[in-house]
Amino acid sequence: MRTNNRNTFKSLDWFTIVLYLVMVIYGAISIYAAKYSFEDTDFFSFDSFSGKQLCWIGLSLCLGFSLLMIDRKFYEAYAYPIYGGMIILLMVTIVVAPNIKGSHSWIPLGPVSLQPAEFAKFATALALAKLFSTYGFSLNSGRNMMIAIAIIMAPIIIIILQNETGSSLVYFSFILVLYREGMTGLVLFAGFLATLIFVLALKYSNVPFMDITLGEFIVFLTLMLVVVGMLFWFAKSRTAGRNVMLGYLLSGMVAYGLYYFGIEFNAYYYFFPVLLATILYVAWEFYIANNRRLLTIIGFTVVGIGMLFTVNFAFNKVLQPHQQMRIMVALGIEDDIQGKGYNVNQSKIAIGSGGFAGKGFLNGTQTKFGYVPEQHTDFIYCTIGEEQGFLGSVAVLILYMMLILRIIAIAERQHTVFARVYAYCVASVFIFHLSINVGMVLGLCPVIGIPLPFFSYGGSSLWGFTTLLFILLRIDADRAQYGVW
C-alpha cells in the first residue's frame, strides 16, 4: 500500500495541483479585498470572510489528499451507488433544508451549511463515465441516449424543486460530453437555435413590423435561412436547396414590391404559405430521394415555428417574476438599475473604473463602500476588475484557460473510456461556471447565481470543485498501468 501511494504521488499531475493552489490562494486574497474594511483588517481572523475561506481551503486540501489515497478502482466500481446516494440526498434536502431566500437547498450542520447540489456534480460525472465505459456502449442507440439524458436530468429536476434554478443549469454542461463521445451535432445546433428563437422573439416582442412583431419577423427569416443551409450542407441536396432559395427570393421580391407600393398586409400571410410550401416540397423530395435527413429539416422547421409561438407562454407562465426581470435586464428590454439590474450595473461600473492597471490592492471604492451586493461570492470578479484592472482580469482568465486546457490534455491522454469521459465532464463544468459567472458580471448573461470556481467565497462550492478535480487527478495518476504516460 505504501509503495502504491508513493507511485501515485510520483504520477500526479503537479502542474494542475500548482494551478489549483495558486487559484485558491488568489481567491482568498480577492475575498479579503472584497470584504475589507478599515475597522477590521485581520486577514487570518476567523471572524472575517477571508479567514473562514482559509479554513475552507485547509479542509479542502485535507479532502483532496484523502481522495488521492483512495484506489481509482473505487470510483469506477461505486459510481452508480455514489450517484444514487447523492440523488437521495438531494431529495431529502427539499424536506429538511430551511427556507433561505425562497430556496430549500442548504442543509445546516451546526455552525455551517452545505449545499448538496455542489457535490452532485462529481457524482453525475462518475455515473456518466461509468455508463459510457459499459462494454459495447454507443450513443447511436436510442436506449443508451435516453439513459444518459436521464442521468443528467434527474439532478436538474430535483434542484429545480429546491428552487435553485441557477445551480441546476450547470448540469446542462454535460451535454458537451455527450457531443464529444459521439452525439450528433444536431442536438447542439437545436439548442443554439432554440435559444436564438427565444432571445429574438422576446427582445423585439414590443416592436411592431408589418402587423406582427419584429421578433417574429426575424425568427421567420432565420428559419428560412436554416432550411436553405441544412438542405445544402446537411442533406447534401443541392438541387432542393437551390430551388427553395430561388422560391424564397422570388416570393420575397413580390412581397417587398407590394410593401414598397404601399399595399400593407400581415406578414403572416407571406411567411405561413411560404413555409408550408417549403415543408410540402421537402416532403416531396424525401419521397423521391428517400433521404431521411430531409425529414430532420422538416422537423426543425415545424418545431421552430411551434417554439416561436410558445415563447410568451414560457416566459410569462413558467419563469418566476425575478427570473423574467433578470432576463429582460440582460437583453436590454428593461433597465431597472435600482432593482434586478442593480448588481450588474454596479458591477460594470466597478470593472470599468479599474481601467487598464486597476486602482490598486484594497483601493477599490465600489468595493470598500459595498456598492456591489454579493461581491465576495458570485460577483467576486468585479473586485478583481476594479482593483487590478484589465491586467488582473485577464490574468484570472489566463489561469482558467491554463487549467481547462490542462484538464482537456489529461482527458486526451487517458486510455480508458471511464477516465476520458470523467475528465471531459470536469472540463465542461469549469467551462460553464467560468463563462456564465464572468458573463453575468459583465452583463452579457442573466444573473443566475453561480460561483466563480476557487474564487467565490463558500465551503460547499470549494469542496465541490476540489472533489471534481482531485478525483480526476487520482484517476489520471494510474494511467501508467494502462500503458499511457
Side-chain angles (χ1 to χ4, degrees), residues 13 16 67 70-88 90 117 119-159 168-191 404-433 464-465 467-485:
D13 193 283
T16 302
L67 294 171
I70 300 174
D71 193 301
R72 63 157 284 160
K73 295 179 182 178
F74 172 86
Y75 299 115
E76 187 169 1
Y78 291 94
Y80 288 148
I82 292 173
Y83 175 78
M86 195 58 66
I87 291 297
I88 293 174
L90 287 174
F119 300 93
K121 298 169 190 174
F122 87 86
T124 305
L126 287 175
L128 283 175
K130 179 68 174 180
L131 175 67
F132 278 71
S133 63
T134 305
Y135 179 77
F137 180 87
S138 173
L139 281 175
N140 292 328
S141 166
R143 178 177 177 274
N144 290 340
M145 176 64 79
M146 293 302 297
I147 294 174
I149 292 176
I151 289 175
I152 296 173
M153 290 302 300
I156 291 176
I157 294 172
I158 299 173
I159 295 172
S168 69
L169 294 177
V170 176
Y171 291 81
F172 283 108
S173 65
F174 292 122
I175 299 296
L176 297 176
V177 181
L178 302 188
Y179 175 69
R180 168 61 181 81
E181 295 300 316
M183 182 184 72
T184 173
L186 283 177
V187 177
L188 293 181
F189 179 67
I404 292 170
L405 290 178
R406 189 64 176 181
I407 293 173
I408 293 174
I410 291 174
E412 287 299 317
R413 73 187 182 194
Q414 300 306 311
H415 197 58
T416 65
V417 175
F418 178 84
R420 183 183 71 244
V421 171
Y422 180 80
Y424 272 108
C425 286
V426 176
S428 298
V429 170
F430 278 107
I431 291 171
F432 187 91
H433 268 272
F465 293 124
T467 303
L468 265 173
L469 188 60
F470 275 77
I471 289 178
L472 172 61
L473 293 173
R474 180 63 186 89
I475 293 173
D476 176 63
D478 280 352
R479 65 191 181 279
Q481 64 176 291
Y482 295 96
V484 178
W485 279 92

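Throughout, residue positions are numbered sequentially from 1 according to the sequence presented.
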Nearest-0.5 Å distance, [atom1] of residue [X] to [atom2] of residue [Y]:
X      : Y      : atom1 : atom2 : answer
Ile157 : Leu90  : CD1   : CG    : 12.0 Å
Asp476 : Ile471 : CG    : CD1   : 13.5 Å
Leu176 : Tyr179 : CG    : OH    : 10.0 Å
Thr124 : Phe119 : OG1   : CZ    : 13.5 Å

Study note, to complete from the structure: Taken in chain and number order and not counting sequence neighbours, the residues that satisfy side chain to side chain donor-acceptor pair (under 3.5 Å) with Ser173 are none
**Study point:** Partner residues of Lys130 under the side chain to side chain donor-acceptor pair (under 3.5 Å) criterion, sequence neighbours left out
**Key:** none
Point to revise | Asp13 and Arg413 ion-paired at < 4.0 Å | key: yes
**Study point:** Residues Glu412, Arg420: salt bridge by 4.0 Å N-O rule
**Key:** no
Got [X] and [Y] here, is their nearest side-chain heavy-atom distance under 4.5 Å?
X      : Y      : value
Thr416 : Arg72  : yes
Ile175 : Met183 : yes
Val170 : His433 : yes
Leu67  : Tyr75  : yes
Ile159 : Tyr171 : yes
Leu139 : Phe132 : yes
Glu76  : Tyr422 : no
Val429 : Phe174 : yes

Practice item. Check whether the ring centres of Phe465 and Phe430 lie less than 6.0 Å apart, and answer yes or no. Key: yes
Exercise for review: Using ring pair (Phe, Tyr, Trp, His ring centres under 6.0 Å) as the criterion, list what pairs up with Tyr83, not counting sequence neighbours.
Suggested key: none
Review point. Are the side chain of Thr134 and the backbone of Leu131 linked by a donor-acceptor contact shorter than 3.5 Å?
Key: yes
